[in-house]
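First up is the structure itself, then whatever we jot down about it.
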Amino acid sequence: MKLFKPNEKYTKIAVYAILTLLACILFFLLCINAKTFFAATVTFLTAIKSIFYGIIFALLIYPLVHSYQRALKTLVFKRKERKRLTEGLAIGGAYLTVIIVVFVFAFSIAPVISSDVTNFSNEVGPKITNYIEKMQNYKSQNEYFEIIYNKVAEVVNFKNFLEIIDPKTIFSIITSIMSELYNIIIGLIISIYLIISRKQFANIFGKLFMAIFSKKRTRKITVLLNKLYSNCTEYLSSRMISSLYIACLCYAICWIIKMPFYSLIALLVFLGNLVPVFGPTVVTMVCALFMLIYKTGSPDWYYTVLLIAVIVAVQLFDSIFIEKTMLSRRLRPNIGVTIVLVIISFLIAGIIGTLICIPVYATLYSEFRNKFSKILKNRDKETIKSGDDNNNADGKTV
């Protein structure tokens with residue numbers, strides 16, 4: 001009696017059968033009760049939130065681990081290679097760096113930012129409410145202004161905005177963030193396990209791809225995913241570091257010239273610089289508008305112009321010097337392409353889309369360029385070969 005020996009063919013059939021069965025079950029549940037199904041899906045995703053945090057932390061921290069590994073191999077273990085010890089020290093150093101940065105932010109930077117946010121909401125909030133009431137009164141008197149006001153109100157909900165800058169709302173946001181601390185800590189622990197076992201997971205997913213696709217296509221998918229991951233990590237890490245540089249520079253300049261709410265301005269500059277083109281523009285407009293409202297009726301009205309000059313100068317320094325130094329050429333498309341990519345990605349995937357649109361574009365562009373260059377080379381070879389065949393045929397005829 002022959003025993004059943006699983007091979008690539010049967011594994012592929014089994015994977016397709018399981019996927020088809022799961023798709024049928026999901027469709028059946030969706031048809032029975034869509035509301036209950038979506039509620040159960042949300043509950044399930046909430047329950048495994050720590051795993052998502054772990055995956056995100058592992059993707060963000062692994063480049064730091066890799067840089068520590070290279071440094072240890074070059075400086076410490078140059079003569080004798082010790083893989084396990086190097087990997088353990090690199091992982092420990094990376095997570096120690098993350099913990100130090102988090103503690104510094106929590107105990108030195110966060111209190112200053114929260115104080116500025118509270119002062120801003122107490123001082124600027126009533127002025128914004130007063131301006132909105134004046135605009136609503138003027139809206140009833142002017143028909144054209146009413147049309148413009150209604151269009152703006154569709155985009156910006158003034159009521160929700162006033163609720164956001166209220167101190168009670170800010171406190172509730174901070175409380176909700178602290179309630180996520182448990183999931184974040186579990187996510188950090190999971191990320192350590194993912195980084196240590198990354199080769200095992202790579203082998204598992206490699207076998208899964210081999211079961212679904214052919215060997216040639218699996219190799220292409222693996223190369224594409226590796227390229228996408230390297231582009232994403234390089235772009236996001238460089239973007240965050242450059243944003244941190246210009247935020248510190250903006251903080252120092254605003255502190256020297258005694259600009260009000262300087263820590264809040266630096267935080268907005270840091271967050272805005274993460275989104276290409278539109279982020280810095282929106283941050284500049286918002287900061288200038290709030291400063292103009294804050295300084296209304298004050299002889300220090302020129303602070304608004306000074307703030308715009310500081311933010312624009314810092315952004316120019318970033319685009320001319322820091323970005324060109326830290327980012328490779330493939331991750332710096334021209335301004336027209338960047339604007340189109342940011343708009344399309346924001347409409348499709350929101351803020352997350354704007355963060356990853358450049359590395360995704362760079363990966364796909366390089367793949368298409370390599371594909372088309374191979375096609376053109378093959379056509380040139382065919383043209384040369386056909387020309388040689390015609391010459392040989394002419395020679396035989398003569």
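Nearest heavy atoms, Leu331 versus Pro359: CD2-CA, 4.0 Å. Of all heavy-atom pairs between Leu244 and Phe270, the closest is N-CD1, 3.6 Å. In this structure, Ser230 and Lys227 approach most closely via the heavy-atom pair OG-O, 2.8 Å. For Gln69 against Ala90, the heavy-atom pair with the smallest separation is CG-CB, 3.4 Å. Closest approach of Cys287 and Leu307 over heavy atoms only: O-CD2, 3.6 Å. Of all heavy-atom pairs spanning Val275 and Pro280, the tightest one is O-CD, 3.3 Å.
A 6.0 Å sphere centred on OH of Tyr193 holds no more than 12 heavy atoms belonging to other residues, nucleotides or ligands. The number of heavy atoms from other shown groups lying within 6.0 Å of CZ (Phe346) does not exceed 12. Surrounding OH of Tyr245 are at most 12 heavy atoms belonging to other residues, nucleotides or ligands under 6.0 Å away.
Screening Arg329, Arg332, Arg330 against Glu234 for a salt bridge (charged side-chain N to carboxylate O under 4.0 Å, His left out) leaves a single residue, Arg330.
Sorted by first then second residue, the side-chain hydrogen bond (donor to acceptor under 3.5 Å, both in side chains) pairs that include residues 255-276, not counting sequence neighbours, are Asp116-Ser263, Ser243-Asn273.
Remark: Thr338 OG1 to Ile343 CD1 distance equals 11.0 Å, nearest 0.5 Å. Atoms CG and OH, on Leu355 and Tyr235 in that order, are 7.5 Å from each other to the nearest 0.5 Å. Between Ile241 atom CD1 and Leu327 atom CG the span is 10.0 Å, to the nearest 0.5 Å. For the atom pair CD1 (Ile196) and OG (Ser191), the distance works out to 9.5 Å, reported to the nearest 0.5 Å. Once rounded to the nearest 0.5 Å, the distance linking CD1 of Ile356 with CG of Leu341 reads 11.5 Å. Note that CD1 of Ile322 is 11.5 Å distant from CG of Leu316, once rounded to the nearest 0.5 Å.
By the 4.5 Å heavy-atom criterion applied to side chains, Tyr229 and Leu225 are not counted as neighbours. Between Phe201 and Leu194, some side-chain heavy-atom pair lies under the 4.5 Å cut-off. The side-chain heavy atoms of Ile344 and Cys357, taken from C-beta on, include no pair separated by under 4.5 Å. Looking only at side-chain heavy atoms (C-beta outward), Tyr95 and Ile61 come within less than 4.5 Å of each other. The shortest side-chain heavy-atom distance between Leu85 and Leu89 falls under the 4.5 Å cut-off. Taking 4.5 Å as the limit, every side-chain heavy atom of Met259 sits out of range of all side-chain heavy atoms of Ile253. Contact annotation: the side chain of Ile335 approaches that of Val277 to within less than 4.5 Å [non-hydrogen atoms, C-beta and beyond]. Put simply, the side chain of Thr354 does not reach to within 4.5 Å of the side chain of Phe278, judged on heavy atoms.
When the side chains of ILVMFWY residues are joined at heavy-atom separations under 4.5 Å, either directly or via intervening members, Val101 and Phe103 end up in two distinct hydrophobic clusters. With hydrophobic clusters built from ILVMFWY side chains whose heavy atoms lie under 4.5 angstrom apart, Met285 does not share a cluster with Val312. Linking Ile, Leu, Val, Met, Phe, Trp and Tyr residues whenever their side-chain heavy atoms come within less than 4.5 Å places Val342 and Ile339 in a single cluster. Both Leu306 and Ile311 are assigned to one and the same hydrophobic cluster, defined by single-linkage of ILVMFWY side chains at heavy-atom distances under 4.5 Å. Placement of Ile91 and Ile55 within a single hydrophobic cluster is found when ILVMFWY residues are connected by side-chain heavy-atom separations under 4.5 Å, directly or transitively.
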Test log, rule side chain to side chain contact (heavy atoms under 4.5 Å, CB included), inputs Gln315 and Thr281: CA-CA 10 Å; Gln315 295 293 343; Thr281 306; over 6 Å; no

Working for side chain to side chain contact (heavy atoms under 4.5 Å, CB included), residues Val310 and Ile257: CA-CA 10 Å; Val310 169; Ile257 63 177; 4.2 Å; yes

CA sep, side-chain torsions, deciding dist, call: Tyr361, Ser345, side chain to side chain donor-acceptor pair (under 3.5 Å): CA-CA 11 Å; Tyr361 164 77; Ser345 60; over 6 Å; no

Residue pair Met291, Ile265: steps toward the side chain to side chain contact (heavy atoms under 4.5 Å, CB included) verdict: CA-CA 10 Å; Met291 189 59 65; Ile265 292 168; 4.2 Å; yes

Arg198/Ile195 under side chain to side chain contact (heavy atoms under 4.5 Å, CB included): CA gap, chis, key distance, verdict: CA-CA 5 Å; Arg198 62 187 182 276; Ile195 290 175; 3.8 Å; yes

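Partners of Asp318 according to the side chain to side chain donor-acceptor pair (under 3.5 Å) rule, which considers only residues two or more places apart in sequence or in another chain, do not exist here.
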